[in-house]
Amino acid sequence: MDAFYASVMLRDRPELRDVPVVIGGGHRGVVLAANYPARAFGVRSGMSGTDARRLCPQAVRLAPDYVDFEAVSRSVMETFRQVTPLVEAYSLDEAFLDVRAVRRSQGTPLQVAEWLRATIFDEQRITCSVGLAGTVSVAKLASRRAKPDGVLMVPPDRVVDYLHPLDVGELFGVGPKTRAKLLRIGLVTVGDVARIPLPTLQQMLGSATGRHLHELAWGTDRSTLTPRRSDDDPERSMGAEETFSRDTADPAVISRELLRLSGKVTARMRAAGLAGRTVAIRIRYSNFETITRSRSLPDPTDVSTVVHTEAVRLFTALGTQRRIRLVGVRVEGLRSRVGVDRQLALGERDRGWREADRAVDQAGRRFGRGTVRPATLIRSDRP
DNA sequence: TCTGGGGTCCTAGGACCC
DNA sequence: TCTGGGGTCCTAGGACCC
């Protein structure tokens, strides 16, 4: 989708369509999306709200409506699946489709692309762009170049000619750090990188990363898709984090926030039927220095108290008195909860907290999320 | 008043095991 | 007397993506 969040929010606000609009970027926040008029002022997603206001003070600022974004996303993904089941959802607003096998039933890739764009515009009143190519990363590059509201095809025999003049930073997976590293040894274009011997790249970037970059430079990365997370292939991790509106060094406040985040994460895990063994916390100090600490438990858990206790233990072990900007809780090593329940019951390590969680989940489903929560979270005096 | 929140994958070193 | 090679798991950090 083109400027997804902005496009969705402007569907029913035609009067804002031609003026600069920024989604997000409130207090301590970053820009989540900017419409094209705002981009003309240099506003980009990911930039701090402060910078965006400096570049374009007259922009209209809107708060994101994720409920709407998710609804549109579901509908768009459904449209994709009308073409083929081989859809790899990459984010809320982006997916890869393998259309090799649907030529007879649905038409050429170009025809499929135009059908998708027309259908999505009819149903959701937002525009999108399509890149067509033989591999995931080249298709991704092509779609970026097709924006806004366009289609670009890069046939296999034209891939190398297309890629090699580009700046390496354009490659899907090459960010500022890698680009700078390559620049330091005089590699500017994708062609420069392609001509470097593979072992040299691997020595510089590590074996897997080096190989991957080499593939990207020749347009030979993967062409098969992994359609969907399944029970055999669940999410690897789930986490929640939040930036305080004011930095704090108060351990009670931090512990309470860890409790809130642990509850949020484990609720999502329980809803997905997942449990995990490794609890990780993330701490960002006022100077933006960010660290993680993690510990693996003997058995997987989805119990909020177990995760919170471990999170607090990890934080306490830091022994820090520094002011903190952000805390986060993440559970890694997720697997299906099937078979985990019995093991926990035998150990009785969670002493009824599992049942408490279940009751909270049920109350939440019936009366709204957060209806029942730990008493310490009722007085909401987080800074 | 600079710098969100949700993820994935890779690297490197050390412990540990056969 | 001098100590291999292969593998897994754990932890911390980092790069990248939307």
Side-chain angles (χ1 to χ4, degrees), chain A residues 1-6 22-34 44-55 63-64 66 69-70 73 88-96 136-137 140-141 143-144 147 168-182 202-213 216 221-222 226 229 233-247 261 264-265 268 272 277-298 314 317-318 325-334:
Chain A
M1 307 305 115
D2 302 324
F4 181 56
Y5 291 177
V22 168
I23 313 298
H27 176 62
R28 300 199 121 180
V30 301
V31 172
L32 299 168
R44 296 286 179 273
S45 56
M47 139 188 307
S48 77
T50 317
D51 287 348
R53 275 188 290 283
R54 187 171 42 73
L55 286 169
Y66 286 98
F69 300 157
E70 277 162 20
S73 176
E88 181 174 314
Y90 186 70
S91 65
L92 267 192
D93 73 320
E94 184 168 24
F96 297 103
V136 163
S137 94
K140 169 68 184 169
L141 260 56
S143 80
R144 207 187 282 158
K147 282 178 182 301
V168 270
E170 302 247 344
L171 291 179
F172 183 45
V174 176
K177 304 288 182 178
T178 307
R179 180 173 182 273
K181 218 180 222 181
L182 296 167
Q202 288 181 306
Q203 204 176 356
M204 193 163 59
L205 302 169
S207 96
T209 312
R211 177 173 299 280
H212 186 225
L213 182 58
L216 291 178
D221 61 294
R222 76 191 166 105
T226 325
R229 294 276 184 214
D233 178 33
E235 286 80 357
R236 308 275 194 270
S237 69
M238 281 190 187
E241 60 185 46
E242 189 152 292
T243 298
F244 292 120
S245 57
R246 276 186 298 115
D247 296 351
L261 295 170
K264 194 172 165 187
V265 170
R268 283 171 51 211
R277 271 191 59 211
T278 304
V279 176
I281 62 165
R282 191 151 111 103
I283 302 291
R284 172 125 75 212
Y285 298 108
S286 346
N287 66 353
F288 225 70
E289 180 193 339
T290 308
I291 61 163
T292 63
R293 288 294 180 270
S294 67
R295 200 167 91 90
S296 297
L297 308 170
L314 287 164
L318 284 176
R325 178 188 178 93
L326 165 150
V327 292
V329 174
R330 177 164 294 277
V331 180
E332 302 167 351
L334 299 184

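Side chains included, hydrogens not; waters and symmetry mates left out as well; all remaining heavy atoms used. Residue numbers begin at 1 in each chain, while the letters A, B, ... track the order of the sequences.
The interatomic distance linking A:I283 (CD1) with C:dA12 (P) rounds to 12 Å, in whole Å. Taking atom CZ of residue A:R144 and atom C1' of nucleotide C:dC17, one finds them 10 Å apart after rounding to whole Å. Taking atom CD of residue A:E88 and atom P of nucleotide C:dC17, one finds them 16 Å apart after rounding to whole Å. Residue A:Y66 contributes atom OH, which lies 9 Å from atom P of B:dG6 at whole-angstrom precision. Put simply, NE2 on A:H212 is 22 Å from P on C:dG14, counting in whole angstrom units. Protein atom CG of A:D93 is 14 Å distant from nucleotide atom C1' of B:dG6, rounded to whole Å. Counting to the nearest Å, the C1' atom of B:dC2 and the OH atom of A:Y285 are 21 Å from each other. Between the CZ atom of A:R295 and the P atom of C:dA12 there is a distance of 11 Å, rounded to whole Å.
Side-chain proximity of A:A208 to the nucleotides B:dG4, B:dT11, C:dT11 is greatest for B:dT11. The A:R325 side chain lies nearest to B:dG4 when the options are C:dA15, B:dG5, B:dG4. Counting only heavy atoms from C-beta on, A:K177 has its side chain closest to C:dA15 among C:dA15, B:dG5, C:dC18. You'll find that the side chain of A:T243 is closest to B:dG4, out of B:dT8, B:dT3, B:dG4. Among the nucleotides B:dG4, C:dT11, C:dC18, the one closest to the side chain of A:S294 is C:dT11. For A:L326, the listed nucleotide lying nearest its side chain is B:dG5; candidates were C:dC18, B:dG5, B:dC2.
Counting any heavy atom pair closer than 4.0 Å across all strands shown, A:L92 reaches no nucleic acid atom. Across all strands, A:K181 comes closer than 4.0 Å to no nucleic acid atom at all (heavy-atom distances). Heavy atoms of A:R211 sit nowhere under 4.0 angstrom from any nucleic acid atom. Backbone-only engagement by A:S207 is indicated by non-hydrogen atom pairs under 4.0 Å involving sugar-phosphate atoms exclusively. Counting any heavy atom pair closer than 4.0 Å across all strands shown, A:V174 reaches sugar-phosphate atoms only and no base atom. If you check every strand for non-hydrogen atoms under 4.0 Å, A:T50 touches a base. Heavy atoms of A:A280 sit nowhere under 4.0 angstrom from any nucleic acid atom. The residue A:F4 sits apart from the nucleic acid: no heavy atom pair falls under 4.0 Å. Using a 4.0 Å heavy-atom criterion, one finds that A:T178 contacts the sugar-phosphate atoms exclusively. Within 4.0 Å of A:L171, counting heavy atoms only, lie sugar-phosphate atoms of the nucleic acid but no base atom.
Remark: B:dC18 base-pairs with C:dG5; criterion is Watson-Crick or G-U wobble with both hydrogen-bond distances under 3.5 Å.
For A:G210 and A:V30, each mapped to the nucleotide of DNA chain B holding its nearest heavy atom, the one lying further toward the 5' end belongs to A:V30. The residue among A:G49 and A:M238 whose nearest nucleotide of DNA chain B lies closer to the 5′ end is A:G49. Checking A:R277 against A:T292, the closest nucleotide of DNA chain C that is more toward the 5' end is the one next to A:R277.
For the pair A:R325/A:D247, a side-chain contact is recorded, criterion being any heavy-atom separation below 4.5 Å from C-beta on. A:L171 is not listed as a side-chain neighbour of A:T178, based on a closest heavy-atom distance of 4.5 Å or more. At least one side-chain heavy atom of A:L92 sits under 4.5 Å from a side-chain heavy atom of A:E70. Annotation: side chain of A:D93 is not in contact with side chain of A:F69 (no heavy-atom distance under 4.5 Å).
Considering CG of A:L213 and CE of A:M204, their distance stands at 7.5 Å, rounded to 0.5 Å. In this structure, CG in A:L261 is found 12.0 Å from CZ in A:R282, a value given to the nearest 0.5 Å.
Between A:T278 and C:dC10 there is no side-chain polar atom (N or O) within less than 4.0 angstrom of OP1 or OP2.
Taking the 5.5 Å centre cut-off and the 30° plane limit, the aromatic side chain of A:F288 is classed as stacked on B:dT3.
What you find for A:V265 and A:V329 is that their closest heavy atoms are CG2-O, 3.7 Å.
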